[in-house]
Amino acid sequence: MSFADLGLIPELLKAVEDAGYSDPTPIQSQAIPVVLEGRDVMGGAQTGTGKTAGFTLPLLNKISRWASTSTSPARHPVRALILTPTRELAVQVHEAVQTYAKYLPIRTVCLYGGVDIRPQIEDLRRGVEVVVATPGRLLDHIEQRSITLGQVEIVVLDEADRMLDMGFIPDIRRILALLPKQRQSLLFSATFSEEIKRLADTMLRDPQLIEVAKRNTVSETITHRVYPVAAAVKKQLLVWLLREAEGGDQVLVFVSTKIECGRLSRHLQREGIAADAIHGDKSQMQRTEALEGFKSGAIRVLVATDVAARGLDIDDLPYVVNYELPGTAEDYIHRIGRTGRAGKHGNAVSLVSPDEHQKLAAIEKLIKLKIPQHTVPGFDADASPDSAYRVVRNQGADRRAASASRSASPSAPRSTSAPRPARSTVAPDGFDFSRPYVAKEALNESESSAAESAQPDSPRSARESRPVAFLLGGRGR
DNA sequence: AAAAAAT
């Protein structure tokens with residue numbers, strides 16, 4: 001199956017080829033023909049499955065059919081509207097739209113808050129066919145009458161469950177009410193709650209259900225690991241883990257609050273780690289800078305609230321760390337979905353203090369997976385800052401006593417300038433990281449065939465899971 | 001319970 005078989009026009013095929021894609025992903029080969037046919041779609045797809053191209057390509061294909069080459073704004077009514085829950089996601093989707101529309105006479109704009117509205121109004125005045133927007137700023141434009149939605153042919157609701165969580169549904173309904181009744185609607189959601197189904201009932205007509213990944217499941221290319229740790233030494237454990245994963249590996253660290261987000265990021269910076277923070281109280285400029293810095297590699301550790309939990313596509317992100325477990329088990333799925341994307345191997349590491357074990361149990365129940373636990377001496381659930389310091393200091397002494405050629409214990413949390421010890425393949429808790437390892441320990445029956453193929457000894461998983469580096473796991477050298 | 005989003 002190739003993109004050419006899906007009935008896309010040459011201009012789009014060329015753009016897809018330029019982007020370096022040859023074969024459609026499962027959701028793309030399912031969604032593209034259905035959308036081209038004009039049917040409504042209820043899509044259940046995790047991000048990283050090629051969902052964005054799955055709706056963007058057929059959307060552009062349809063719009064292109066009568067694409068106006070006129071320079072008159074009046075000939076460029078808004079014909080497609082894509083709504084996303086966060087600004088960063090809007091930017092990302094808009095980039096995809098631009099990528100695929102490059103050989104088409106189609107104008108696009110991205111509308112979101114936190115930035116000057118005037119350039120957006122200018123773009124709208126000149127005329128655009130495709131609008132990607134967050135709900136708040138779009139409503140702003142609607143009230144200012146800088147946009148008319150009376151000729152929209154296709155509307156896409158991306159990450160609908162997130163929109164629901166964020167209380168956007170009333171806004172969405174207001175926006176939908178302004179669209180023509182005769183239109184095509186696509187709704188994508190990682191999870192299907194009763195509320196999402198109700199929204200779908202009012203928004204979609206005879207939708208085709210497209211589901212690639214099973215709901216509430218996590219990618220098999222992700223290795224999960226839990227570190228039980230006392231809250232008092234969590235910060236030190238994180239620094240220690242980050243140091244051990246050194247070698248340029250990037251880490252996205254999730255926290256529960258904006259306050260902790262800034263605090264932890266500053267702490268890491270003081271420890272000499274290239275870190276930045278992204279959360280909703282930062283200016284849009286700071287948010288964009290942080291994300292760009294992370295994507296470019298200038299930032300090694302991005303500390304984030306759940307603003308970054310969904311949809312964000314960061315190439316080759318090897319690690320996600322839950323510094324604090326998310327409030328809901330579903331958020332765990334979204335957060336760790338930032339790694340292990342597009343078939344690549346990823347690591348989900350969670351630092352769990354005793355007060356978080358309820359949450360951990362809920363997560364394990366939802367993902368039907370018992371996550372292996374590992375403890376680091378000095379950083380276990382009963383550790384105090386003092387005991388942690390003693391253990392680390394002793395490890396340092398052992399190391400100094402040991403021969404230089406032997407692999408040694410990890411460096412102390414605060415020794416920024418100490419020489420780096422050789423990388424060990426056996427953790428202090430005795431876990432052998434030199435063996436390829438895939439976490440698949442407690443699957444339910446319906447997934448047993450998938451589990452089969454993910455067993456450590458099978459050729460497929462041996463290929464997918466590289467020998468694991470120290471502690472954070474994952475990347476072999 | 002916190003986060004996100006219009007100013």
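Below, chains carry the letters A, B, ... as their sequence lines are ordered, and counting in each starts from 1. Given the structure is predicted, the values throughout are model-derived calculations rather than measurements.
Residues passing the ring pair (Phe, Tyr, Trp, His ring centres under 6.0 Å) test with A/F254: none are found, sequence neighbours excluded. Taking the side-chain contact (heavy atoms from CB on, under 4.5 Å) definition, one finds that A/L178 meets it with A/I142, sequence neighbours left out. Applying the side-chain hydrogen bond (donor to acceptor under 3.5 Å, both in side chains) criterion to A/Q184, with sequence neighbours excluded, gives A/K62.
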Table please: side-chain donor-acceptor pairs of residues 111-122 of chain A below 3.5 Å, with sequence neighbours left out.
from   : atom 1 : to     : atom 2 : distance (Å)
A/D116 : OD1    : A/R118 : N      : 3.1
A/D116 : OD1    : A/R118 : NE     : 3.2
A/D116 : OD2    : A/R118 : NE     : 3.4
A/D116 : OD2    : A/R118 : NH2    : 3.2
A/Q120 : OE1    : A/R137 : NH1    : 3.1
A/Q120 : OE1    : A/H141 : NE2    : 2.8
A/Q120 : NE2    : A/Y112 : O      : 3.1
A/E122 : OE2    : A/R125 : NH1    : 3.0

Just list the side-chain donor-acceptor pairs under 3.5 Å for residues 289-298 of chain A, sequence neighbours left out, or say none.
from   : atom 1 : to     : atom 2 : distance (Å)
A/S296 : OG     : A/E292 : O      : 3.4
A/S296 : OG     : A/G293 : O      : 3.0
A/S296 : OG     : A/A298 : N      : 3.3

_Each nucleotide in nucleotides 1-7 of chain B should get exactly one letter: B, S or -. Can you fill that in based on protein heavy atoms under 4.0 Å?_
BSBBBBS

